[in-house]
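Some notes on the structure that comes next.
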Amino acid sequence: MKSNPLISHALLFGACLMIAVELAVRIFFQDNMSGRFEYGFHPSAGFIEEDGQVHLKRTGGRRFRPQSFTVEPPEGVFRIFVIGDSVTRGSSVESSYAGRLAVELKARGISAESYNLGIGGHGARRKHLTLVHSLNYKPDLVVLHINNSNEFEDEREFLRSTEFNSWHPRNWPMKSIALRRVYEMKTEKVFWRWIPASIRISQSKNDADAEIVAMSSEGATERWNQRVQEMTGESTRVAMANNIPILLVSQAKIIEELNGSRRLEDNGLEKIAEDQVTNGAFHLSMKQVLGNLEFEPLYADRSHLRAEGHEVMAKAIARKLIDSGILSLKK
Amino acid sequence: MNFVSFQYGCLLLAAFILFWISPRPWRIRLLFAASYLFYMAWDVRFVALLLASSTTYYLCGLGIANKQKSPGKIAALALLPGVWLALCSVFEIQGKTVSSEVLIAAFSFLPVMLGANQLIRKMPSDQGRRKGFLWLALGINLGLLGFFKYFNFFAESVGGLVEQFGLSSSWTLTHIILPVGISFYTFQAISYIVDIKKKKIEPTDCFITFATYLAFFPQLIAGPIERSTKLLPQLIVPAKWDINHLHIGLRLLLIGFFKKLFVADNCAILANHVFAADNPEINTAWALLGVLAFAFQIYGDFSGYSDIARGSARLLGIELSLNFRFPYFALNPSEFWRRWHITLSTWFRDYVYIPLGGNQGAWGATCRNLAVAMVLAGLWHGAAWTFILWGAYHACLLMAFHYSPRWQLACESGRAAKLACWVGMCCFTLIGWAIFRSDSMFQFYLWFTGVFQWQVTGAMEWEKPTRWLLLHIGPLLLLQWATLKERDESSLDHHHWATRGFIYLLLFVFTATSMVNDQEFIYFQF
């Protein structure tokens with residue numbers, strides 16, 4: 001009787017195929033690897049340094065909008081980093097208030113460059129990590145957009161990165177970039193699109209729905225604000241320790257009253273920001289900027305701004321920077 | 001200890017390595033230890049129940065064959081359940097408590113066994129003694145099964161009936177936890193004792209071997225329900241090492257996990273919605289989508305479990321019975337039951353239907369035999385009226401097929417007739433699954449009325465969920481198409497090794513990217 005080898009040809013072939021795909025993904029999509037399994041908690045993911053330039057890239061670790069700047073800031077130009085979440089990120093760099101800020105300052109005779117470091121889903125913890133690394137590139141000002149709607153996701157991703165880097169074998173398959181990509185595509189492009197939200201929520205089978213469930217739990221806002229307060233304080237301390245002024249922009253979202261009328265609500269973020277204001281730390285309230293205007297056309301949904309909204313914010317920030325003398329603190 | 005868990009992986013790996021490096025006489029002890037460890041992981045207290053069943057059947061089996069043990073040995077074995085529960089109580093293993101009533105009941109097993117043994121031994125005829133031991137074993141174990149699985153159901157039903165007549169039922173129901181696997185190992189033990197009575201097999205003299213036969217961990221919780229004629233010889237004489245054990249075992253495990261994690265768990269999302277307790281608004285499309293999803297969920301879940309069980313056993317050199325053979329390709333109910341849960345349907349055929357007379361009697365007798373066997377098969381799945389209705393429904397289908405020459409002829413005719421039979425059988429099967437899946441008769445009524453409601457206000461769009469279902473049953477159907485002429489989906493040897501390797505890779509990718517769901521195996525509740 002013919003004896004079979006320990007590992008059959010079929011198994012060997014399947015394994016080689018899998019390894020080949022994995023290697024190809026790792027070689028040809030190398031940038032995508034940056035902080036891939038740190039879930040945004042990698043200190044430098046997305047900041048790719050090359051020939052004296054820093055490229056902000058959309059990587060597995062941080063999904064920046066692609067932008068580039070020199071490692072050393074140019075002489076006589078104010079460098080501003082705007083750090084935030086999907087609200088900051090906007091629909092493009094140019095239309096976001098982060099991108100428009102330099103234009104508004106130039107229009108006021110101030111030479112400046114501003115970069116959009118907003119990443120969808122990032123909460124206070126991950127924004128803080130982005131801020132800490134961005135200080136290596138010597139900004140003259142950091143604008144930190146504070147919000148409390150991503151704290152659940154931040155916490156979940158933190159636990160996930162911790163667990164993912166543990167030894168447990170259930171994490172092993174997902175350490176493969178190729179498998180991870182298939183899984184993410186299936187979740188985002190198929191599961192979320194093909195299965196109605198009410199079914200997903202009733203069975204709480206995925207992240208987005210778990211977040212909706214968590215948001216409705218009692219005391220969620222208070223818990224999340226506590227985290228935002230702690231981390232914003234930490235971010236402010238770090239910036240000031242590096243002698244870099246920081247402007248805190250507090251988020252405002254639209255709330256619909258029972259009678260159908262709509263108003264802007266800051267969810268306690270204004271107080272958190274105000275508590276941090278000292279010499280070198282400033283606050284600008286989105287609620288105050290937009291609340292005096294016809295705000296509904298400025299919003300794309302209850303939280304995110306349209307290009308017009310971003311323009312209003314960019315102008316308000318530029319005014320704030322000039323009026324409060326923030327820019328003169330540095331140069 | 002769920003099959004889809006790290007703990008099970010560790011247990012299987014350790015059992016695999018230790019089994020093959022151990023001297024042959026030690027292997028049965030190793031399997032015994034692994035099996036009891038596996039069962040302890042569910043609830044340590046229920047090991048007492050398993051010990052009680054093992055002891056009863058072991059001693060009664062020897063009694064039937066006139067090889068009774070001495071009273072001392074009987075007492076030692078009959079003390080095991082009580083001693084085990086006492087240990088659990090003293091050391092509070094798993095933090096579980098054992099009430100004094102349960103302890104008394106467990107220790108009363110000793111006088112019951114000794115007394116019954118003495119009484120039966122005193123019987124004058126050999127035939128009488130044989131019957132006595134048979135009924136002692138059946139009485140104790142069917143009594144345990146009846147108490148744990150059906151007591152509350154019948155008490156509730158009788159209570160409801162009494163209240164219909166304006167009287168009040170005064171008894172209070174206690175919360176009885178159903179021990180996992182009890183239906184499976186009880187049936188496996190019954191086949192052992194009946195086969196001894198029929199002199200098909202000789203009872204085993206080794207308690208460890210018999211206890212392992214009853215508790216063999218890959219098939220303890222949800223089958224396949226093995227016959228002693230097949231499993232016992234493999235336990236008594238362990239197989240020799242062959243690399244094919246590893247290859248076939250791993251292949252079965254891969255296919256089993258694919259069916260469970262990729263097919264069943266993803267189909268469950270839709271089925272759970274349609275058959276949810278809060279009675280969602282469902283129209284025709286959703287009613288059909290839900291029952292189709294459930295059909296593939298239960299197939300993926302149970303046949304996946306069976307494949308994992310077979311694969312695990314095969315790694316230890318033991319071949320378990322095939323439980324599913326492309327059931328949804330059946331053309332008639334008779335064929336369906338030859339392809340679906342084969343070990344249970346053959347059990348009911350051999351130990352209920354044929355002893356009742358099978359189809360040898362008159363028309364009425366055959367119908368009665370079919371009805372009894374199928375209603376019991378329904379009831380075996382759980383204590384609920386929907387399961388009884390499901391059994392009765394399948395009995396009706398079997399009778400209709402049995403007494404319909406045109407249907408029988410059509411199944412043997414040309415392609416068009418076969419296609420019609422297949423479509424018809426699919427519809428019948430789906431109606432059956434709707435009954436099976438419904439938590440109550442009212443829910444089945446809601447589903448049934450939903451089938452005829454084209455437009456329902458509030459019903460969700462169904463096109464995209466249909467795509468989801470097709471995405472998850474498509475690969476399974478392709479696998480079945482590739483193996484349709486073979487024994488089951490794991491029979492891939494006729495394909496070129498490169499094709500096989502590609503199939504393995506795809507199955508692995510599908511499975512690995514579906515591991516986020518955490519659904520329990522359906523048949524664990526039976």
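Chain letters run A, B, ... following the sequence lines, proteins first, then strands; residues in each count from 1.
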Measure from the ring center of Phe6(B) to the ring center of Trp167(A) and say whether it is less than 6.0 Å. yes
Using side-chain heavy atoms (C-beta onward) and a distance below 4.5 Å, is Lys186(A) in contact with Asn266(B)? yes
Contact class of Leu254(B) relative to chain A, heavy atoms under 4.5 angstrom: neither
Look at the aromatic rings of Trp468(B) and Phe191(A) and report parallel, tilted or perpendicular, splitting at 30° and 60°. tilted
Side chains of Ile199(A) and Asn272(B), heavy atoms from C-beta outward: is any pair under 4.5 Å? no
With a sphere of 6.0 Å drawn around NE2 of His494(B), does it hold more than 12 non-hydrogen atoms of other residues, nucleotides or ligands? yes
Start with the C-alpha gap between Thr513(B) and Arg181(A), add the side-chain angles, then the distance that decides, and say whether side chain to side chain contact (heavy atoms under 4.5 Å, CB included) holds. CA-CA 9 Å; Thr513(B) 52; Arg181(A) 199 70 206 110; over 6 Å; no
CH2/Trp194(A) to CG/Leu471(B) distance, rounded to the nearest 0.5 angstrom? 5.5 Å
Chain A contact via Tyr504(B) - which portion, at a heavy-atom distance below 4.5 Å: side chain
Between Ala512(B) and Leu179(A), which heavy-atom pair has the shortest distance, and what is it? CB-CD1, 4.0 Å
How far apart are the closest heavy atoms of Val509(B) and Met18(A), and which atoms are they? CG2-SD, 4.4 Å
Drop me the distance from Ile7(A)'s CD1 to His247(B)'s NE2, to the nearest 0.5 angstrom. 7.5 Å
Residue Leu12(A) versus chain B: region with a heavy atom under 4.5 Å: neither
Approximate separation, where rounding is to 0.5 Å, of Phe502(B) CZ and Phe13(A) CZ: 8.0 Å
Looking at Ala10(A), Pro196(A), Ala15(A), Ser8(A), which one has more heavy-atom pairs under 4.5 Å with chain B than the rest? Ala10(A)
